[in-house]
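Here's the structure we're looking at; comments come further down.
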Number of protein chains: 2
Amino acid sequence: MGLAKSELFTNDQNQIALLAKVFGHPARVAILQHLFKINSCVCGDLVTIIGLAQPTISQHLRELKQLQLIKGTIEGTSVCYCINYEKWTTMKIIISKFLNMDSNNSSNCC
Amino acid sequence: MGLAKSELFTNDQNQIALLAKVFGHPARVAILQHLFKINSCVCGDLVTIIGLAQPTISQHLRELKQLQLIKGTIEGTSVCYCINYEKWTTMKIIISKFLNMDSNNSSNCC
DNA sequence: TTTGTCTATTGCAATATTACGATTAATAAA
DNA sequence: TTTATTAATCGTAATATTGCAATAGACAAA
């Protein structure tokens with residue numbers, strides 16, 4: 001079907017999946033890593049840095065923007081992107097909570 | 001295309017994406033949460049718990065097994081699944097490192 | 001052996017994702 | 001105004017994902 005049956009799952013489970021999904025492509029990982037590395041806005045040169053076509057990068061940026069993990073500011077003809085640190089922190093709390101499930105119990109039965 | 005151009009990215013970026021992808025579906029999130037919750041093997045009742053058809057659950061389990069995040073032990077006619085704590089820890093280190101990129105620099109420019 | 005139970009696999013339909021060429025929209029510069 | 005630059009959107013092709021019915025395979029019990 002290609003469509004997840006999200007009504008079967010809790011809001012928490014759906015939210016974790018939604019956030020994780022955006023990290024599920026190396027281009028979006030690379031974009032985020034670059035934004036953190038330069039620690040300021042990136043205006044335009046992401047296409048050159050990543051190596052994918054401009055519409056493709058634009059599509060990946062839109063997905064990151066939809067989850068508000070990045071912000072875009074219009075600067076003349078170009079657009080400057082940077083990390084939305086507030087949302088990044090919120091996301092990190094949700095994902096970390098999920099990843100640290102093992103801290104309670106760590107006995108392996110098999 | 002539907003196919004990521006993984007040759008454009010580093011091994012690190014591809015690995016992060018690959019791991020994140022498996023968490024990008026609420027059913028797999030729910031399966032993992034259940035395995036941690038009961039803290040022992042689950043033999044067979046995952047289909048009842050999740051509410052998806054048996055072949056669908058089997059498919060999700062296979063993806064989790066491929067990344068070795070879970071282990072399956074044959075127990076008579078049924079199969080018992082449990083968390084692979086070692087691999088879980090390895091995965092957690094990789095993802096956490098990625099998520100904590102913001103700890104170095106946290107000044108927002110826009 | 002036969003029957004029942006449980007899980008994996010196969011095959012397929014519906015939908016999603018990825019990628020990019022072509023185009024559009026917006027602004028800056030000439 | 002015209003031209004150039006930059007990014008978003010549209011349209012489309014190729015591939016991936018999700019979900020399930022049907023089937024197969026493995027084992028236990030009768």
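Note on naming: letters A, B, ... go to the chains in the order of the sequence lines (proteins, then strands), and numbering restarts at 1 for each one.
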Polar atom pairs between nucleotides 1-3 of chain C and protein, under 3.5 Å, N or O only, would you list them?
none

State, to 0.1 Å, how close B:Phe23 and B:Val29 come at their nearest heavy-atom pair, and which atoms those are. O-CG2, 3.4 Å
Whole Å only: how far is the NE2 atom of B:His60 from the P atom of D:dA16? 18 Å
For atom CG of A:Leu46 and atom C1' of D:dA7, their distance in whole Å: 12 Å
Phosphate oxygens OP1/OP2 of D:dT6: is one of them under 4.0 Å from a side-chain N or O of A:Ser78? no
Test your reading of the model: is there a side-chain donor-acceptor pair from B:Ser78 to the backbone of B:Ile74, 3.5 Å cut-off? no
With sequence neighbours left out, write down each residue that passes side-chain hydrogen bond (donor to acceptor under 3.5 Å, both in side chains) with B:Asn100, or none if nothing qualifies. A:Lys92
Could you state the CD-C1' distance from B:Gln59 to C:dA8, rounded to the nearest angstrom? 11 Å
Rounded to whole Å, please give me the gap between CZ in B:Arg62 and C1' in D:dT17. 12 Å
Distance-minimising heavy-atom pair for B:Ile50 and B:Ala30: CD1-CB, 3.7 Å
Atom CG of A:Leu64 to atom C1' of D:dA8: distance rounded to whole Å? 15 Å
Applying salt bridge (Lys or Arg N to Asp or Glu O under 4.0 Å), which residue pairs with at least one partner in residues 6-19 of chain A are found, sequence neighbours left out? none
Does C:dA8 have OP1 or OP2 under 4.0 Å away from a side-chain N or O of B:Tyr81? yes
Could you tell me the separation between the CD atom of B:Glu75 and the P atom of C:dA8, rounded to a whole number of Å? 14 Å
Give me each pair satisfying salt bridge (Lys or Arg N to Asp or Glu O under 4.0 Å) with a member in residues 40-51 of chain A, each pair once, sequence neighbours excluded. none
Scan A:Glu63 against the nucleic acid and name what it touches under 4.0 Å (heavy atoms): base, sugar-phosphate only, or nothing. sugar-phosphate
Which residues, if any, of residues 3-30 of chain B bring a heavy atom under 4.0 Å of DNA chain D? B:Leu3, B:Lys21, B:His25, B:Arg28
Any side chain to side chain donor-acceptor pair (under 3.5 Å) pairs touching residues 13-28 of chain B, not counting sequence neighbours? A:Gln33-B:Gln13, B:Thr10-B:Gln13, B:Arg28-B:His60, B:Arg28-B:Glu63
Which whole-number value in Å describes the distance from A:Ile31 CD1 to C:dT18 C1'? 13 Å
Mind checking what makes side-chain contact (heavy atoms from CB on, under 4.5 Å) contact with B:Lys65, not counting sequence neighbours? B:Ile70, B:Tyr81
Contact class for B:Leu52 vs. all strands (heavy atom < 4.0 Å): base, sugar-phosphate, or nothing? sugar-phosphate
Under 4.0 Å protein heavy-atom contacts per nucleotide of nucleotides 22-30 of chain D, with B for base, S for backbone only and - for none: B----BS--
Could you tell me which residues satisfy side-chain contact (heavy atoms from CB on, under 4.5 Å) with B:Thr89, sequence neighbours excluded, listed by chain and number? A:Asp102, B:Ile93
Any donor-acceptor N/O pair, B:Asn84 side chain to B:Gln68 backbone, under 3.5 Å: yes
Under the side-chain contact (heavy atoms from CB on, under 4.5 Å) test, residues paired with B:Leu8 that sit two or more places apart: A:Leu52, B:Lys5
Nearest heavy-atom neighbours spanning B:Leu99 and A:Ser96: CD1-OG, 4.5 Å
Measure the distance from CE on B:Met1 to P on D:dA14 and round it to the nearest whole Å. 8 Å
Classify B:Thr56 by what it touches in the nucleic acid, base, sugar-phosphate, or nothing, heavy-atom distance under 4.0 Å. base
